[in-house]
Colleague: 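Let me give you the structure first, and then I'll get to my questions.
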Amino acid sequence: MSTPYDAMWEKLNLDLDAHAGLLEVLGKFYGDIYLSQAGRLKGMEYLDFVLSEVHGLRIQELLQAKAQGRKVIGTFCVFVPEEIVLAADAVQVGLCAGAEAGKEAAEKILPRNTCALIKSFVGFKLSKLCPFIESCDLVVGETTCDGKKKAYEIFEEYVPVYVMEIPQMKQKCDRDLWRTEVLRFKEKVEEVTGRTITAEKLGNAVRLVNDRRRTLQRLDRLRAADPVPISGRDVLLINQVSFYDDPVRFTQSVGKLCDELEERVKAGEGVVPPGTPRLMLSGCPMAVPNWKLPYIIESSGAVIVGEESCIGRRNTRDLVTENGGKTDDLIDAVVDRSMKIDCACFTPNRERLDHIVDMARELKVDGVVHYGLSFCQPYAIEAFKVEKSLRDAGIPMLSIETDYSMEDVHQLKTRVEAFVEMVR
Ligand code: BJ8
């Protein structure tokens, strides 16, 4: 079936047939997992619309921005400072990497035992399925885990890639390294965009990204009410969309959704029956359209009330300090915020364990589901310490390792149902 966007996708050199197949599967998946939910907020219509136009209108907007001389920069990690990109009047998009399409192509050049997220971004490029990647003037990688780091060496044969070195520890010398990297990135962005990043522009960008984080923090507070006023799936989707929607429009729309949510909380209305077990997700990020595990959990009699993840609280918990007028002060503030990100790629990573226990207590959860992508060593190994910290705090944990395939759905459902019964 032809669409009004075919010419645009063809210009971007997408494989039109394979792409149409992907959109069809995604549409069905979305209908089953999202549109079938009862009692959704009216504000979720905005998210449904954005998702339905993810490869359409949003790409059109990016291409319009490019036609006006703005650059599009794609990223894979929350360490990459969006404030720098926005200060150069460029557009930043998080490249999702949450689907299995393209896996076969990826496995021709990557070992099969590579995590699904890495195979996904490589596979999407090789199979010509992602209009976001094709719209990017630059893709920014980072040296977080070994898999990503080495995959970027291959990826740069297909797209312009720039890699930031992320420290692995949090001593003073690591912060110094990261500050140097942020400055190097600023120079690169200035070179690619042809714009100079001034203190004023950087200050505005800091406020803009902070506003989005504040709105997501508000959402995070409201969604934790008892009775639970919104499904975990919907909140995950909002966080996922925050990575590629226009930041001003997104913040306004989610702000309105939060107003509606606040009314619901005041009225004591919930989306699940009283007494439904409250669970928290912790671990690897869940990029669009990775909704498998949240759906399994919420169709097994539990509700998700928090995500300790980079597509969740790990990304929105800390703000950049705004009280600095000079470029140097703002750079310091950006650096300090990102040094608080407790990704499992760091060692030691005690603060993540403390955050998980604090978050579980604050959200009054009955249990935690630790989610690791298969072959992700940092999160799989850290899961042992997470489990021990939670056990010491008297909070049960279920450890799940999976990828994007649907083959293990029944097996996962059996394990999740047993866990839900246990914590009930
Ligand atoms: S700051 S979590 S967004 S790196 S799942 S590719 S770690 S093998 S995604 Fe992440 Fe930045 Fe850390 Fe956050 Fe490697 Fe693991 Fe795959 Fe991963």
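Order of listing sets the numbers, starting from 1, for every ligand and every atom in it.
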Colleague: Which ligand 1 atoms, with their elements, are less than 4.0 angstrom from a heavy-atom of Lys148?
Modeller: 4 (S), 6 (S), 9 (S), 10 (Fe)
Colleague: Show the atoms of ligand 1 that are less than 4.0 angstrom away from any heavy atom in Arg314.
Modeller: 2 (S)
Colleague: Could you check if a side-chain atom of Thr143 sits within less than 4.5 angstrom of a side-chain atom of Lys148, using non-hydrogen atoms only?
Modeller: no
Colleague: Okay, side chain of Thr276, backbone of Ala302: is any donor-acceptor separation there less than 3.5 Å?
Modeller: no
Colleague: May I ask you to identify the nearest protein heavy atom to atom 14 (Fe) of ligand 1, giving residue, atom name and distance to one decimal place in Å?
Modeller: Cys145 SG, 2.3 Å
Colleague: Quick one: does ligand 1 sit under 4.0 Å from the side chain of Asn315, the backbone, both or neither, non-hydrogen atoms only?
Modeller: neither
Colleague: In plain terms, say whether Arg313 and Glu308 are close enough for a salt bridge, that is, a side-chain N and a carboxylate O under 4.0 Å apart.
Modeller: no
Colleague: Taking both backbone and side-chain atoms into account, decide whether Cys77 has an N/O/S atom under 2.8 Å from atom 11 (Fe) of ligand 1.
Modeller: yes
Colleague: Name the closest protein heavy atom to atom 2 (S) of ligand 1, giving the residue it belongs to and the distance to 0.1 Å.
Modeller: Tyr379 OH, 3.1 Å
Colleague: Can you tell me if Ser300 and Lys413 form a side-chain donor-acceptor pair at under 3.5 Å?
Modeller: yes
Colleague: How does Pro285 reach ligand 1, if at all, at less than 4.0 Å between non-hydrogen atoms: by side chain, backbone, both, or neither?
Modeller: side chain
Colleague: State the atoms of ligand 1, each with its element, that fall below the 4.0 Å cut-off from a heavy-atom position in Thr144.
Modeller: 4 (S)
Colleague: Record the part of Cys115 in heavy-atom contact with ligand 1 below 4.0 Å; permitted values are side chain, backbone, both and neither.
Modeller: side chain
Colleague: For the pair His19 and Trp9, name the ring-plane relationship: parallel under 30°, tilted 30 to 60°, perpendicular over 60°.
Modeller: perpendicular
Colleague: Taking the six-membered ring for Trp, are Tyr152 and Phe121 parallel (under 30°), tilted (30 to 60°) or perpendicular (over 60°)?
Modeller: parallel
Colleague: Return the residue, atom name and 0.1 Å-rounded distance of the protein heavy atom closest to atom 12 (Fe) of ligand 1.
Modeller: Cys343 SG, 2.3 Å
Colleague: Identify, by atom number and element, the atoms of ligand 1 in contact range of Leu373, meaning under 4.0 Å from any of its heavy atoms.
Modeller: 5 (S)
Colleague: Under a 4.0 Å N-O cut-off, is there an ion pair linking Lys186 with Glu191?
Modeller: no
Colleague: For atom 13 (Fe) of ligand 1, grab the closest protein heavy atom and report residue, atom and distance to one decimal in Å.
Modeller: Cys310 SG, 2.3 Å
Colleague: Scan the protein's non-hydrogen atoms and note whether one is under 4.0 Å from atom 9 (S) of ligand 1.
Modeller: yes
Colleague: Side chain, backbone, both or neither: which part of Gln377 has a heavy atom under 4.0 Å from ligand 1?
Modeller: neither
Colleague: Using a 4.5 Å cut-off on heavy atoms from C-beta on, say whether the side chain of Ile297 contacts that of Leu293.
Modeller: yes
Colleague: At their closest point, which heavy atom of Val163 faces which heavy atom of Arg184, and how far apart are they?
Modeller: O-NH2, 2.9 Å
Colleague: Would you say Cys284 touches ligand 1, if touching means a heavy atom closer than 4.0 Å?
Modeller: yes
Colleague: Does the pair Lys388 and Glu382 meet the rule for a salt bridge (Lys or Arg N to Asp or Glu O under 4.0 Å), with working shown?
Modeller: CA-CA 10 Å; Lys388 182 174 180 317; Glu382 203 156 278; over 6 Å; no
Colleague: Look at Cys376 and state whether any of its N, O or S atoms is less than 2.8 Å from atom 15 (Fe) of ligand 1.
Modeller: yes
Colleague: What atoms of ligand 1 come closer than 4.0 angstrom to any heavy atom of Ile118?
Modeller: 6 (S)
Colleague: Report yes if some heavy atom in the side chain of Asp358 is under 4.5 Å from a heavy atom in the side chain of Ile356; otherwise report no.
Modeller: no
